[in-house]
There are 2 protein chains.
Amino acid sequence: MAGVTLRDIARKANVSVNTVSRALNDKPEVSQQTKERILTIARELGYTRNLVARGLATQQSHVIGVVVSDNVNPYFAEVIRGISFVAQAKQWTIFLVNTYLSRSTERAAIETLAQYRVGGLIVFPLDWDQIEEYRRYGLPMVVAGARVPEDKRPAPFDVVAPDDRNGAREAVEHLIRTGRRRIYYCGPHEDSLSGAPRWQSYVEVMEEAGLKPALLPVSDVSAFEGYRHGMAWPDLEKADAVFAFNDLIAFGLARALTERGVRIPDDIALIGYDDVEFARYTSPALTTVRIPKETLGQQAATLLFQRIEGDFRKPSVEKILPTQLIIRETA
Amino acid sequence: MAGVTLRDIARKANVSVNTVSRALNDKPEVSQQTKERILTIARELGYTRNLVARGLATQQSHVIGVVVSDNVNPYFAEVIRGISFVAQAKQWTIFLVNTYLSRSTERAAIETLAQYRVGGLIVFPLDWDQIEEYRRYGLPMVVAGARVPEDKRPAPFDVVAPDDRNGAREAVEHLIRTGRRRIYYCGPHEDSLSGAPRWQSYVEVMEEAGLKPALLPVSDVSAFEGYRHGMAWPDLEKADAVFAFNDLIAFGLARALTERGVRIPDDIALIGYDDVEFARYTSPALTTVRIPKETLGQQAATLLFQRIEGDFRKPSVEKILPTQLIIRETA
DNA sequence: AGAATTAATGGTATCGTTCACGGGAGTGAT
DNA sequence: ATCACTCCCGTGAACGATACCATTAATTCT
């Protein structure tokens, strides 16, 4: 049914396969007349062009691979939307793979993408060491969501990341400015690639203000983790604010705290991170640090296409996107 | 760098390309000795197998296409996770495409997937008429998220859908049972493929109870739409409950109502739909109808693989997944 | 008019695999 | 010693497209 090939069309139109190819690709070296004839025959036969074969012949792909830890996280979902837009504009397709926070899955995912000879990769990495091995595939790659560690500069690939140091700083400073003193951080800390900058900034600001940092460590960044910690938190009364790694955790925390009769923000103020679409619809609406997620996706994709379309040599860039403190009702 | 082919390995190992292929695919027709020799050479050369070429040669793909309207919607995100699991177990990859509610994008998306010769499709359709044209590609296809309309049975493809008729019925009955009388429905209605069953059930139950149905029509199914309607709603005091098409709308509505000083559930009760992961963490926690989203994804994928692996003939099945009313705090 | 250019097409190799054959070497049976 | 059979491996043809080079016919130039 869909097994129609150029040859079939060629036979029926009494021309060579070559001419058919030219006609279908709208190349100028075919007469208008035969072009039209071929096109109608193609339509009649129900021809669908075979991008696999073309990919093999041209040695290039119109697909980019995108690797995230979990597409259910609205942060990634929105970034993907950004990538989607610029890819769609270029007529490229997206191979989406979730790693579900497993390093081995990440490895396998990238391997698969390389095997499909994707034109390039956008990766939200789990850690930095592992990502360097992916250079072995020789694919254009943009790393997104995390800045290059000091000691690894310059990185051998482009990077797009939010300015987390500053974002976290503003958040914590805002808490202090509004009179909070016993501020906890809830999230992953130094070991985590994306957690580190926020945690470090938090510690910095706290110490500058002569305050003691305190950590509620989570094992993943879901709402459930936030909830779990909120419910299990023993010395709740010691806190008057929490800065959460992301909005999901903040939501979970908020729920737990309200269940336990803590008033937000009166007893405990709460600041999230990401500014997920949803943050403005909760009650109270979540104060949070906005990451321009769609922009991040777009920039990553744009950078990637620049590499794909030629500039292998150009030194790698690290693009830092400004964050913005969005003050709503929880702090 | 990644341009190493079977030929390169063959040359270096002094065997034929064929033998290399056999070795790398771990076929029995190669001696253990040469197999190992070839494998180490492959590793040395940094060989990465080319799945595009293989796909062309074997005439089969290890990719399925998944078409949803917006992966940012947590409903789809969770379904995709379900699909992901069974695909990953089978070593298949997913081509994810968003239609963003545009029928022409849906058409184009499917076309592209067909051009890549994916092994099969899982589609969350925008409407029913259009989906029938996709048969022309002759691909195994599972339609998910919406039941077959009465007049279109039997459908020429497998279908997996939640039992929306019953889900909506339970929700509205619960509202009535708890003393609500002026119950509004907020969502898309008959024109919408997924909206229709919920709306119809709602109307049915209302009329059975001698109540008048009332519609707050939305143009898309986002939280923002819910919010907008909540804020713009003139005769708010006429209502004592809302049954929302999905959780997102419910969230938006809830926010708007609280902003306007309406107490939930005291003044207005609220029931959502889907039971998005997030629903249990809002305050008040959302009463909603659970769709087994991951299961839905898994079933769709399983059904698809059954088709792919052989059974073209078997009559198409329509699998209906039970929903469950989850009573929390908003109703 | 002859040469040079251009337009439209065809032939053939190629991309990197897999697959259906075929064949030689070795083993065991008759 | 012949036959049958298994074990390994190579040859050559796909798969469906594109690309380079060649060819013919028509057109333009001098």
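Each chain gets a letter, A, B and so on, in the order its sequence line appears, and its residues count up from 1.
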Worksheet item: Is the cationic atom of Lys293(B) (NZ for Lys, CZ for Arg) positioned less than 6.0 Å from the six-membered ring centroid of Tyr75(B) and within 45 degrees of its normal?
Response: no
Fill in: Gap between atoms CG and P, on Asn18(B) and dA14(D) respectively (whole Å)
16 Å
Fill in: Earlier contact from the 5' end, DNA chain D, for Thr58(B) and Asn14(B)
Asn14(B)
Item to complete: Using whole Å, report how far CZ of Arg54(A) lies from P of dG16(C).
Response: 18 Å
Worksheet item: Counting any heavy atom closer than 4.0 Å, what does Asp8(B) reach on the DNA or RNA strands: base, sugar-phosphate only, or nothing?
Response: nothing
Discussion item. Please confirm whether the shortest side-chain N or O distance from Ser31(A) to OP1 or OP2 of dT9(C) is below 4.0 Å.
Written reply: yes
Discussion item. With rounding to the nearest 0.5 angstrom, report the CZ to CH2 distance, Phe305(A) to Trp92(A).
Written reply: 5.5 Å
Item to complete: Using a cut-off of strictly less than 4.0 Å, decide whether Gln59(A) has a side-chain nitrogen or oxygen near OP1 or OP2 of dG16(C).
Response: yes
Item to complete: State whether Asn25(A) places a side-chain N or O below 4.0 Å from either non-bridging phosphate oxygen (OP1 or OP2) of dT18(D).
Response: yes
Worksheet item: Contact class for Asn50(B) vs. all strands (heavy atom < 4.0 Å): base, sugar-phosphate, or nothing?
Response: sugar-phosphate
Fill in: Residue-phosphate contact under 4.0 Å: Thr34(B) side-chain N/O, dC9(D) OP1/OP2
yes
Worksheet entry | Distance, rounded to the nearest Å, where Glu36(A) contributes CD and dA8(C) contributes C1' | 15 Å
Response to the item:
Considering only heavy side-chain atoms of Leu56(A), the closest of dT18(D), dG10(C), dG16(C) is dG16(C)
Discussion item. With a cut-off of less than 4.0 Å, is there a side-chain N or O of Lys27(A) near OP1 or OP2 of dT18(D)?
Written reply: no
Worksheet item: Does a nitrogen or oxygen in the side chain of Ser21(B) sit under 4.0 Å from OP1 or OP2 of dT18(C)?
Response: yes
Practice prompt. Please state whether the phosphate of dG10(D), meaning OP1 or OP2, lies under 4.0 angstrom from any side-chain nitrogen or oxygen of Ser16(B).
Written response: yes
Fill in: Of the listed nucleotides dA17(D), dG10(D), dT18(C), the one nearest the side chain of Tyr47(A)
dA17(D)
Worksheet entry | Distance in angstrom units between Ile38(A) CD1 and dG10(C) C1', rounded | 12 Å
Item to complete: Send over the distance from Arg7(B) CZ to dT11(D) C1', rounded to a whole Å.
Response: 14 Å
Worksheet item: Over how many whole Å does the gap from Gln60(A) atom CD to dG16(D) atom C1' extend?
Response: 16 Å
Practice prompt. Find which nucleotide of DNA chain D each of Val15(B) and Ala53(B) is nearest to by heavy atoms, and output the residue with the more 5' nucleotide.
Written response: Val15(B)
Item to complete: State plainly whether the residues Glu29(A) and Arg22(A) are in salt-bridge range, i.e. N to O under 4.0 Å.
Response: no
Fill in: Presence of Tyr116(A) side-chain N/O under 4.0 Å of dG16(C) phosphate oxygens OP1/OP2
no
Discussion item. Looking at Arg103(A) and Asp129(A), is there a salt bridge between them, counting it only when a charged N and a carboxylate O are closer than 4.0 Å?
Written reply: no
Worksheet item: Between Lys35(A) and dA8(C), is there a side-chain N or O to OP1/OP2 distance below 4.0 Å?
Response: no
Fill in: Upstream residue (5' side of DNA chain C) when Arg22(B) and Ala57(B) are each assigned their closest nucleotide
Ala57(B)
Practice prompt. Send over the distance from Glu29(B) CD to dC21(C) P, rounded to a whole Å.
Written response: 14 Å
Practice prompt. Report yes if at least one side-chain N or O of Thr19(B) is closer than 4.0 Å to OP1 or OP2 of dC9(D); otherwise report no.
Written response: no
Practice prompt. Tell me what Val52(B) touches on the nucleic acid: a base, only sugar-phosphate, or nothing, going by heavy atoms under 4.0 Å.
Written response: nothing
Worksheet item: Between Arg135(B) and Glu132(B), is there a side-chain N and carboxylate O pair less than 4.0 Å apart?
Response: no
Item to complete: Before accepting this row, confirm whether a basic side-chain N of the pair Lys319(A)/Asp158(A) lies closer than 4.0 Å to the acidic partner's carboxylate O.
Response: no
Worksheet item: Roughly how many Å is it from CG in Leu6(B) to C1' in dT18(C), rounded to a whole number?
Response: 9 Å
